[in-house]
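Down below is the structure, laid out as structure tokens.
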Amino acid sequence: LLGKRVLRPGGMRLTRSLLEGLRITPDDVVVELAPGLGTTTRLIIGKQLRAYIGVERDHRAADIVGALLPRNTGTCLVGTTAKTQLAGAGATVVLGEAFRSMQPDRGKGKILAEAFPILAPGGRYGLHELALTPGTLTTQERDDIRGAMSWALHVGAHPLTVAHWPALLEDAGLEIQQETTAPMRLLSPRRVVDDEGLLGAVAILSKVLDGTAVRARVGSIRSGLARHRDHLCAVALVATKPT
């Protein structure tokens, strides 16, 4: 989207809050699901881990992440989040951001069912996803929100409510330890600068100013997001696997 590298619903601030809650240390074995181009990966491997494993379905993105990793302690595999082939990996931390929201409810369950056997007893599980704020929404309102987000992001959007995300993890056998929410402000100027830095924000602005069609699309996206602002947010959860 306009070359924006950070498409996390809560931005890098919520990503950093998630990582703080996961308390990653040099003793950890971390599995990152769908690392994309490695924005969060860079923060994770800065902890000097015992081992890092990424699972990314896109070959090009997997190569980009792989190039970031220490040769002896890191690897990025090509695979899907619902079929990682990492059962029994003994990971002490499993995390992923901004991909479960794109899955239908059944797909969300498959991803969690796949992650549970990867995680060692007592290990930590983290997510950062798009959510619907608490309150009563009609079916039509929910469909309108999902349609607007799908159009903006060019992928299907199936966010759960803030209450339903923790319930999904609990149903998978995990115990919630931390819940943090943040506004969904994907294209607000302050969020763009926070996520992309000043130079990145200027590059995005230049693309908007250079093309009439781009300006029209960005305007439509922003108005759509503004229309549903009261019903959209981001949630980050940290949970543990029972010992």
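Taking hydrophobic clusters as Ile, Leu, Val, Met, Phe, Trp and Tyr residues chained together by side-chain heavy-atom distances below 4.5 Å, Met12 shares a cluster with Leu22. Follow the hydrophobic side-chain contacts under 4.5 Å out from Ile53 and you never reach Ile45; the two are in separate clusters. Phe99 and Leu37 fall into different hydrophobic clusters, defined by Ile, Leu, Val, Met, Phe, Trp and Tyr side-chain heavy atoms under 4.5 Å apart, directly or through other members. Transitive grouping of hydrophobic side chains (ILVMFWY, heavy atoms separated by less than 4.5 Å) brings Leu43 and Val238 into a common cluster. Under the 4.5 Å side-chain heavy-atom criterion for ILVMFWY residues, no single connected hydrophobic cluster contains both Ile111 and Val93.
Closest of all the heavy-atom pairs between Val65 and Gly36 is CG2-O, 3.3 Å. Nearest heavy-atom pair across Ala62 and Val78 is CB-CG2, 3.9 Å. The shortest heavy-atom contact between Lys241 and Leu119 is NZ-O, 2.7 Å. The minimum heavy-atom distance linking Pro166 with Glu179 is given by the pair CG-OE1, 3.5 Å. Contact between Thr81 and Glu114 at its shortest, heavy atoms only, is O-CG, 3.5 Å.
The line from NE2 of His164 to CG of Asp171 is 10.0 Å long, rounded to the nearest 0.5 Å.
The closest side-chain heavy-atom distance from Glu97 to Pro9 is not below 4.5 Å. Counting heavy atoms from C-beta on, the side chains of His158 and Ser101 never come closer than 4.5 Å. Counting only heavy atoms from C-beta outward, the side chains of Leu33 and Val94 approach each other to under 4.5 Å.
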* Which is it for Leu19 and Leu95 under the side-chain contact (heavy atoms from CB on, under 4.5 Å) test, yes or no, and what are the steps along the way? -> CA-CA 9 Å; Leu19 295 180; Leu95 77 153; 3.9 Å; yes

* Candidate pair Ile118 and Thr84, rule side-chain contact (heavy atoms from CB on, under 4.5 Å), full reasoning -> CA-CA 9 Å; Ile118 297 173; Thr84 64; 3.3 Å; yes

* Asked: Between Leu86 and Leu77, is a side-chain contact (heavy atoms from CB on, under 4.5 Å) present by the stated rule, with each step listed?
  -> CA-CA 10 Å; Leu86 291 176; Leu77 308 175; 3.9 Å; yes

* Worked check of side-chain contact (heavy atoms from CB on, under 4.5 Å) between Leu160 and Leu132 -> CA-CA 6 Å; Leu160 300 177; Leu132 301 174; over 6 Å; no

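Residue pairs meeting the side-chain hydrogen bond (donor to acceptor under 3.5 Å, both in side chains) criterion with at least one member in residues 41-54, sequence neighbours excluded, are Glu32-Thr41, Glu32-Tyr52, Thr41-Tyr52.
Using modelled atom types, no side-chain atom of Thr133 and backbone atom of Cys233 make a donor-acceptor pair closer than 3.5 Å. Side-chain atoms of Trp165 come within 3.5 Å of backbone atoms of Leu130 as a donor-acceptor pair (strictly under, hydrogens ignored). Within the 3.5 Å criterion, the main-chain N or O of Ala98 finds a donor-acceptor partner in the side chain of Glu129. Looking at Thr243, its side chain never comes within 3.5 Å of a backbone N or O of Gly122 through a donor-acceptor pair.
Comment: Asp28 engages Arg124 in a salt bridge, judged by a side-chain N to carboxylate O separation of less than 4.0 angstrom. Between Asp105 and Lys108 there is a salt bridge, since a side-chain N of the basic residue sits under 4.0 Å from a carboxylate O of the acidic one.
Scored by the side-chain contact (heavy atoms from CB on, under 4.5 Å) test, Leu169 finds Leu112, Tyr125, Leu127, Leu174, Ile176, Leu237, Ala239 as partners (sequence neighbours excluded).
Around CD of Gln85, the count of heavy atoms belonging to other residues, nucleotides or ligands within 6.0 Å does not exceed 12.
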